[in-house]
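Before any comments, here is the structure.
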Amino acid sequence: MSKLDKSRDFGFDTRQVHAGARPDPNTGARAVPIFQTTSFVFEDSESAASYFDLKEYGNTYSRIMNPTVAAFEERIASLEGGCGAVGFASGIAAQAAALFTMLDPGDHVVSSTAIYGGTINQFKHQFHKMSVEVSWVDPDNLDAWRQAIQDNTKLFYGETIGNPTSNVLDIEAIAVLAHEHDIPLMIDNTFASPYLCRPIEWGADIVVHSATKFIGGHGTSIGGVVVDSGEFNWSNGKFPVIAEPSPAYHGLAFHDTFGMYGYLMKLRSETLRDLGAAMSPLNAFLFLQGMETLSIRMDRHVANAKAVAEYLDQHDLVSKVMYPSLEGSKYNVLANKYLPKGAGAVFTFDLEGGRQAGQDFISGLTLWSHLANVGDTKSLVIHPASTTHRQLSDEELVAAGIGQGTIRLSVGIEQIDDLIWDLDQGFLELQSKDNK
Ligand SMILES: *Cc1c(COP(=O)(O)O)cnc(C)c1O
């Protein structure tokens, strides 16, 4: 926003269009150009050396930073209220890098059970290989979080709106507990987007996103991002990996040298450098386009989701609807606190008839696409027990709150009466098979 940004605190709707972007000084291009280049010419040998010493901040190689990706990072940091952000090739890469940067072998994480199935796999299997163990807790039970804390606990982890059961996390209470024990709280805010909830305002230290979902918003690109509040004290004695001189960067002490930017600098200049899951400039460009309409899309997603949830709640063949904004939901109070504009557009409902009913219902739909994604303008549907959560055992399914007849919806921005008409077709198909 160049000259403008000093004179006024711009609102969310303005920042989602302008933050991180300025007309290109060389060409005057108004849209952020796609800087499709691997590398950048140094002005002279001195500035080349100081970039590599991290004494000056400058582009070297697009695995580590790129101007199109930087515009994306600045915009999402602005929308989440963070001090900065680092983009990644996927949401799963972003959270892996976020944990990897702060943890050592032998460290311990406390995580909500109600999270994305892919995250459960990553924590259980990949982090286990790095000797990081995870304790799983019922996200609604604050005592369970407290009792899970050990001397080597270095992180609390949860989702604003849990996937797929739509638990709304009591972020403020969990952040207070974490901070009493000098532990940072990391929140996956994918299902809410920064328009519906900004976890940093409630005390979260780090926010991660799968940008693949509502941020991109159109189902075109895989990407992820880590946003840091800049508030956590990494020099509290628990995080030598960030506070002490780093052998991976000729003895640089990241927190001492960069203060509030220490964690992000290490995330970029060591973890991203060494693990390499960089966001592509083209995807960053598509995410920038997506963010320009985030609030407008989310308002429509939420309005449609509420209407679909109310319709399903009245339906004879539906036993339960897990949408936190419904009056009867046990998360209604938390939803009103953390998600006053609405609890997103991804939720599940249970069919009376179990697994076969789930598959029959989906086969009757034509407008809703049957696939494994959420947060698209197009309405999406899936049967978790036979797809996304197929690798989980029966007990793990129960713990994750998924039944044999559970259907997950991601409600798009189409015309609402068309969406409900198509759901009616699904129920007709189910009834014609008569397996109630
Ligand atoms: C999709 C998703 C992820 C993983 O993101 P990818 O971009 O698919 O790697 C992580 N968390 C949540 C809540 C998600 O929905």
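- Under the 3.5 Å distance criterion, the side-chain polar atoms of Arg268 are left unmatched by any main-chain donor or acceptor of Met65.
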Side chain to side chain donor-acceptor pair (under 3.5 Å) evaluation trace for Thr377 with His218: CA-CA 5 Å; Thr377 50; His218 298 75; 5.2 Å; no
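- Annotation: Phe349 is in aromatic contact with Phe361 [ring centroid separation under 6.0 Å].
- The pair Glu270-Arg273 fails the salt-bridge criterion, with no side-chain N (NZ, NE, NH1 or NH2) lying under 4.0 Å from an Asp/Glu carboxylate O.
- Looking at Asp360 and Gln356, their side chains do bring a donor and an acceptor atom within 3.5 Å of each other.
- Using a 4.5 Å cut-off on side-chain heavy atoms (C-beta onward), Asn59 and Asn66 make no contact.
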For residues 186-194, which side-chain donor-acceptor pairs fall under 3.5 Å, sequence neighbours excluded?
unit_1, atom_1, unit_2, atom_2, d
Asp188, OD1, Thr190, N, 3.0
Asp188, OD1, Thr190, OG1, 2.5
Asn189, OD1, Thr160, OG1, 2.7
Asn189, ND2, Glu80, OE2, 2.9
Asn189, ND2, Cys197, O, 2.9
Thr190, OG1, Ser210, N, 2.9
Ser193, OG, Tyr195, N, 3.2

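- For Asn304 (side chain) and Gly412 (main-chain N/O), a donor-acceptor pair under 3.5 Å exists by modelled atom type.
- Side-chain contact annotation: Asp205 with Tyr263, donor-acceptor N/O pair under 3.5 Å absent.
- Summarising the geometry, atom CH2 belonging to Trp202 is positioned 13.5 Å from atom CG belonging to Leu185; distances are rounded to the nearest 0.5 Å.
- The CG atom of Leu282 lies 5.0 Å from the CG atom of Leu286; values are rounded to the nearest 0.5 Å.
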Salt bridge (charged side-chain N to carboxylate O under 4.0 Å, His left out) between Asp104 and Lys154, intermediate numbers included: CA-CA 9 Å; Asp104 267 327; Lys154 301 294 173 70; 5.8 Å; no
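- No donor-acceptor pair under 3.5 Å is formed between the side chain of Ser111 and the backbone N or O of Trp136.
- Relative to the ring axis of Tyr116, Lys213 places its NZ or CZ within 45° and under 6.0 Å from the centre.
- Here Glu74 pairs with Arg22 in a salt bridge; the nearest charged N to carboxylate O distance falls below 4.0 Å.
- By the 4.5 Å heavy-atom criterion applied to side chains, Leu419 and Val411 are counted as neighbours.
- Side-chain atoms of Arg297 come within 3.5 Å of backbone atoms of Phe214 as a donor-acceptor pair (strictly under, hydrogens ignored).
- Side-chain atoms of Asp13 and Gln16, non-hydrogen and from C-beta on, do get closer than 4.5 Å to each other.
- Residues Lys306 and Glu310 are not paired through a salt bridge, judged by the lack of any N-O separation under 4.0 Å between the basic side chain and the carboxylate.
- Looking only at atom types and distance, the side chain of Thr366 has a donor-acceptor partner in the side chain of Asp422 under 3.5 Å away.
- A distance of 10.0 Å separates CD of Gln126 from CD1 of Ile92, quoted to the nearest 0.5 Å.
- Taking both residues in full, the closest heavy atoms of Gly230 and Cys83 are given as CA-SG, 3.7 Å, listed atom of the first, atom of the second, then distance.
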Chi angles and distances behind the salt bridge (charged side-chain N to carboxylate O under 4.0 Å, His left out) call for Arg75, Glu292: CA-CA 10 Å; Arg75 184 167 300 175; Glu292 293 192 6; 3.7 Å; yes
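- Looking at every heavy atom in both residues, Pro139 comes nearest to Trp145 through O-NE1, 3.2 Å.
- For the pair Thr101/Val226, no side-chain contact is recorded, criterion being any heavy-atom separation below 4.5 Å from C-beta on.
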Full working for side chain to side chain contact (heavy atoms under 4.5 Å, CB included) between Ile161 and Phe347: CA-CA 9 Å; Ile161 307 172; Phe347 64 91; over 6 Å; no
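- Contact check for Gln150 versus Glu133: no side-chain heavy atoms found under the 4.5 Å cut-off.
- Distance alone, capped at 3.5 Å, is enough to place a donor-acceptor pair between the Asn283 side chain and the Ile222 backbone.
- With rounding to the nearest 0.5 angstrom, the NE2 atom of His370 is 8.0 Å from the CD atom of Gln359.
- A distance-only check finds a donor-acceptor pair linking the side chain of Lys238 to the backbone of His181 [under 3.5 Å].
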Worked verdict on Leu334 versus Leu339 for side chain to side chain contact (heavy atoms under 4.5 Å, CB included): CA-CA 8 Å; Leu334 289 172; Leu339 300 152; over 6 Å; no
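- Annotation: Phe72 is not in aromatic contact with Phe285 [ring centroid separation under 6.0 Å not met].
- Enclosure of atom CD in Glu327 is not indicated, since only 12 or fewer non-hydrogen atoms of other residues, nucleotides or ligands lie within 6.0 angstrom.
- In this model, no donor atom of one side chain and acceptor atom of the other lie less than 3.5 Å apart for Glu159 and Ser112.
- Separating the CD atom in Gln289 from the CD1 atom in Ile215 is a distance of 14.5 Å, to the nearest 0.5 Å.
- Considering only heavy atoms from C-beta on, Thr348 stays 4.5 Å or farther from Leu409 through its side chain.
- Looking at Ser329 and Asn332, their side chains never bring a donor and an acceptor atom within 3.5 Å of each other.
- Contact check for Leu155 versus Val110: no side-chain heavy atoms found under the 4.5 Å cut-off.
- Thr27 places a side-chain N or O within 3.5 Å of a backbone atom of Ala29 that can act as its donor or acceptor partner.
- A donor-acceptor contact shorter than 3.5 Å is absent between the side chain of Ser229 and the backbone of Ile200.
- Counting heavy atoms of neighbouring residues, nucleotides and ligands inside a 6.0 Å radius, atom OH of Tyr261 does not exceed 12 of them.
- More than 12 heavy atoms of other residues, nucleotides or ligands lie within 6.0 Å of NZ in Lys378, so this atom counts as buried by the packing criterion.
- No donor-acceptor distance shorter than 3.5 angstrom exists from the side chain of Ser379 to the backbone of Trp368, with no hydrogens or angles considered.
- Ser369 OG to Asp376 CG: the interatomic distance, rounded to the nearest 0.5 Å, is 7.5 Å.
- Using a 30° and 60° split on the angle between ring planes, Tyr311 and His315 fall in the perpendicular class, above 60°.
- Closest approach of Leu196 to Gly342, counting heavy atoms only: CD1-O, 3.5 Å.
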Side chain to side chain contact (heavy atoms under 4.5 Å, CB included) between Met260 and Glu231, worked out: CA-CA 7 Å; Met260 71 195 293; Glu231 304 275 326; 5.7 Å; no
Derivation and outcome, side chain to side chain contact (heavy atoms under 4.5 Å, CB included), residues Phe35 and Ser62: CA-CA 9 Å; Phe35 287 98; Ser62 284; over 6 Å; no
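- Checked by atom type and distance alone, the side chain of Thr153 never pairs as donor or acceptor with a backbone atom of His108 at under 3.5 Å.
- Contact check for Pro184 versus Phe156: no side-chain heavy atoms found under the 4.5 Å cut-off.
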Residues Phe239, Phe232; criterion ring-ring contact (aromatic ring centres under 6.0 Å, His included); working and verdict: CA-CA 11 Å; Phe239 293 93; Phe232 191 76; 5.7 Å; yes
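- Tyr338 and Asp170 share a donor-acceptor pair across their side chains, judged by distance under 3.5 Å alone.
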